[in-house]
Every structure is written in structure tokens, then in C-alpha cells.
Amino acid sequence: MKHIGVDIGGSHITAAQVDLQKGEVVASTLSRAKVHPHGSAEEILSIWAETIKQALQGSEDGRIGIAMPGPFDYLTGICLMKNVNKYESLYGLNIKQELSDRLGIDVQNIVFRNDSEAFLAGEMRFGAGKGLEKGIGITLGTGLGTSIYQNGEAQDMALGINYPMLEGVAEDYISTRWFVDTYQLKTQNSIEGVKQLVQLYPSDVIARKLFEDFGQNLSSFIHGFIKRFEPEVIIIGGNIAHASEKFFPTIIQQLAAYNPTIQLHKAILNEEASLLGAISHK
């Protein structure tokens with residue numbers, strides 16, 4: 001039986017066969033596609049099914065693990081996304097059954113997992129946290145993903161939207177949106193995202209200050225997180241992690257004061273972590 005890991009984001013899908021013994025993605029089977037988050041149900045499901053089919057390479061004997069953003073009923077496979085600016089045409093549909101019908105694979109062999117959980121499970125078992133038993137995963141991007149790993153299993157914490165911070169919740173201060181909005185407020189100039197801010201960093205004092213402030217925001221959030229869960233390692237992933245050298249020093253300094261034994265690592269598997277974590281779910 002082939003094991004297929006799938007990562008579904010707000011505008012993309014990636015699928016590949018994975019070797020769970022080696023903890024590796026089989027590169028020759030990797031398939032990616034862009035997905036319009038506001039497309040029709042038929043358009044979205046067709047692209048998802050076709051991308052997974054390419055990874056299966058003609059086989060109907062496979063087990064498929066899918067890392068999926070929420071809100072979603074991960075056990076039944078029913079999409080619950082509404083008012084989240086993506087995939088609303090799928091609301092109420094049984095995605096497990098839809099994919100089973102399109103791929104010819106038994107519904108029992110299609111499983112779903114929260115995307116934050118899948119990322120951390122992959123990194124703890126095969127990546128930056130390998131050999132450790134208790135970790136925290138934080139994904140930084142358009143949103144703030146949070147998960148914990150203990151007793152051999154990962155669990156989504158959804159703290160980005162549930163953890164009070166300053167005048168809102170953590171995600172308001174630890175996300176791409178915070179960078180874009182704060183830079184606009186301070187300079188009256190607009191940027192598209194963090195990648196552009198990295199380019200401005202050498203010559204723009206405000207860009208440098210934003211990364212410092214972001215590090216402070218993330219450190220404050222991490223402090224509350226680690227007091228609650230006492231991890232051995234914190235693993236940071238997501239698109240903003242590509243600029244980790246700009247804000248990691250602030251976090252490392254703060255961690256030394258909180259608990260110097262905790263390791264801080266940038267994710268090393270990234271998308272592959274989600275593919276591996278999605279299919280290695282117990």
C-alpha cells in the first residue's frame with residue numbers, strides 16, 4: 001500500500017508518496033497545484049483529486065493523510081469553513097466521501113489532520129525535534145498556528161485566535177498582517193508582505209524596528225505557552241520563519257531568562273513535515 005501525504009493550504013495543494021520507514025518524501029512523486037480559494041466546489045475538488053491522483057501514480061491501493069486548515073471536522077471529513085475567506089463553497093460537504101468517489105479509494109483509507117498538528121508531528125518525528133519527546137510548534141504566516149507534541153502525538157492548540165494579547169488576540173500581533181498594517185501605520189507606505197520587508201531591512205530603520213518588536217511579541221506569547229506546557233524544544237515554521245535570523249536573537253535572549261534549557265529551532269522539513277505528519281497520524 002502506498003502512503004500519500006497531502007498538504008492543503010489557502011491557495012495550494014501539495015501531494016507526494018512518503019516513506020515512513022526512512023521519514024522521507026519520495027521526490028519523484030511530488031505534485032503541486034494552485035487552487036482558487038473562492039472557486040466552485042467542483043473546481044476545487046477536481047484540482048485536489050487530480051493532484052493526489054498524480055502522486056498515486058496510477059495506484060488505487062493507497063492510504064492518504066491530508067493536512068487541512070480549520071475549521072474542519074477531521075474525523076468525519078466534513079468541511080466547516082465559513083467566514084474564513086477560503087473554500088466556503090465546500091461548507092457542509094463530506095470531503096472524505098468526495099475524494100473517495102473521485103480516486104476510487106476506500107473512505108477508511110483517507111484521514112484528515114489539522115495542519116498545525118501535521119507540521120509539528122513531522123518535525124518532531126523526522127526533523128528539527130527528532131529524538132526529543134515534548135515540543136511546541138509555531139507556524140508564522142497569514143495566521144498563527146500553534147500545537148504541542150507529547151506522548152508521541154501532536155495536538156492543535158488554536159491559540160492564535162484564542163490567546164488574549166494586548167488589545168486583541170495573539171494572531172493580531174504575530175502574523176503577516178501585523179507587519180503589513182504596522183509598517184503602513186508608521187510610514188504611510190504599503191508593503192505586500194514580510195519578504196519585501198526583509199529586502200528593506202538593511203536600509204530602513206523602521207523595518208529593523210518591526211522585526212525587533214515582532215520578536216518581542218512572539219517572546220511574550222512563547223513565555224505564556226512554555227509556562228503552561230514546559231517543552232524541551234520550540235520549532236518555528238511558516239513563511240515568516242524564512243526571516244528567522246531577523247527576530248530569533250530577541251527570542252533567544254528572552255528564553256535565556258525564562259528557561260535556558262529549552263531549545264529553539266527553525267523548522268528543517270517545512271512543507272515535507274506536513275506531508276509526513278499528515279500520513280503518520282496514529
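Counting from 1, the numbers follow the sequence of the chain as shown. Nothing here was measured: the structure is a model prediction, and the numbers come from that model.
Applying the side-chain contact (heavy atoms from CB on, under 4.5 Å) criterion to Glu42, with sequence neighbours excluded, gives Ser40, Ser46, Arg102. Qualifying side-chain contact (heavy atoms from CB on, under 4.5 Å) partners for Asp204, counting only residues two or more places apart in sequence or in other chains: Tyr183, Leu200, Ile206, Ala207. Residues passing the salt bridge (Lys or Arg N to Asp or Glu O under 4.0 Å) test with Arg228, sequence neighbours excluded: none. Not counting sequence neighbours, the partners of Arg177 by the salt bridge (Lys or Arg N to Asp or Glu O under 4.0 Å) test are Asp172. Checked against side-chain hydrogen bond (donor to acceptor under 3.5 Å, both in side chains), Ser175 has no partners two or more places apart in sequence or in another chain. For Asn162, the side-chain contact (heavy atoms from CB on, under 4.5 Å) partners are Ala158, not counting sequence neighbours. In this view, Glu171 satisfies the salt bridge (Lys or Arg N to Asp or Glu O under 4.0 Å) rule with no residue, not counting sequence neighbours. For Lys209, the salt bridge (Lys or Arg N to Asp or Glu O under 4.0 Å) partners are Asp213, not counting sequence neighbours. Remark: Glu230 pairs with no residue by the side-chain contact (heavy atoms from CB on, under 4.5 Å) rule, at least two apart or across chains.
For the ring-ring contact (aromatic ring centres under 6.0 Å, His included) condition, the pairs that include at least one residue of residues 65-93, sequence neighbours left out, are Trp48-Tyr87, Phe72-Tyr74, Phe72-Phe112. Applying the ring-ring contact (aromatic ring centres under 6.0 Å, His included) test to every pair with at least one member in residues 4-39, sequence neighbours left out, gives these pairs: His36-His38.
Within a 6.0 Å sphere centred on CD of Gln57, other residues, nucleotides and ligands contribute more than 12 heavy atoms. Other residues, nucleotides and ligands contribute over 12 non-hydrogen atoms within 6.0 Å of the CG atom of Leu166.
Residue Ile136 forms a side-chain contact (heavy atoms from CB on, under 4.5 Å) with just one option from Ile226, Leu264, Val233, and that option is Ile226.
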Side chain to side chain contact (heavy atoms under 4.5 Å, CB included), that's the test. Do Met1 and Asn109 meet it? Break it down for me.
CA-CA 10 Å; Met1 179 179 286; Asn109 288 326; 4.0 Å; yes

Where do Ile279 and Leu20 land on the side chain to side chain contact (heavy atoms under 4.5 Å, CB included) test, with the steps shown first?
CA-CA 9 Å; Ile279 191 60; Leu20 291 176; 3.8 Å; yes

Please walk me through it: do Thr146 and Tyr163 pass side chain to side chain contact (heavy atoms under 4.5 Å, CB included)?
CA-CA 11 Å; Thr146 55; Tyr163 188 91; over 6 Å; no

Show your working on side chain to side chain contact (heavy atoms under 4.5 Å, CB included) between Leu210 and Lys186 and close with a plain yes or no.
CA-CA 10 Å; Leu210 253 60; Lys186 290 181 178 292; 3.8 Å; yes

Donor-acceptor contacts, no H, no angles, side chain residues 244-262, under 3.5 Å, sequence neighbours left out:
residue: Ser244; atom: OG; partner: Ala241; partner atom: O; Å: 3.3
residue: Tyr258; atom: OH; partner: Ser219; partner atom: O; Å: 3.4
residue: Asn259; atom: OD1; partner: Thr261; partner atom: N; Å: 3.1
residue: Asn259; atom: OD1; partner: Thr261; partner atom: OG1; Å: 2.6

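The distance from the CG atom of Asn114 to the CE atom of Met68 is 11.0 Å, given to the nearest 0.5 Å.
Aromatic ring orientation, Tyr201 versus Phe211: perpendicular (interplanar angle above 60°, classes split at 30° and 60°).
A salt bridge is absent between Glu50 and Arg32: the closest approach of a Lys/Arg side-chain nitrogen to an acidic carboxylate oxygen does not fall below 4.0 angstrom. The pair Lys53-Glu60 does not count as a salt bridge, with every side-chain nitrogen at least 4.0 angstrom from each carboxylate oxygen.
Side chain of Glu271 to backbone of Asp7: no donor-acceptor contact under 3.5 angstrom is found. Of the possible donor and acceptor atoms, none in the side chain of Arg125 sits under 3.5 Å from a partner among the backbone N and O of Leu120.
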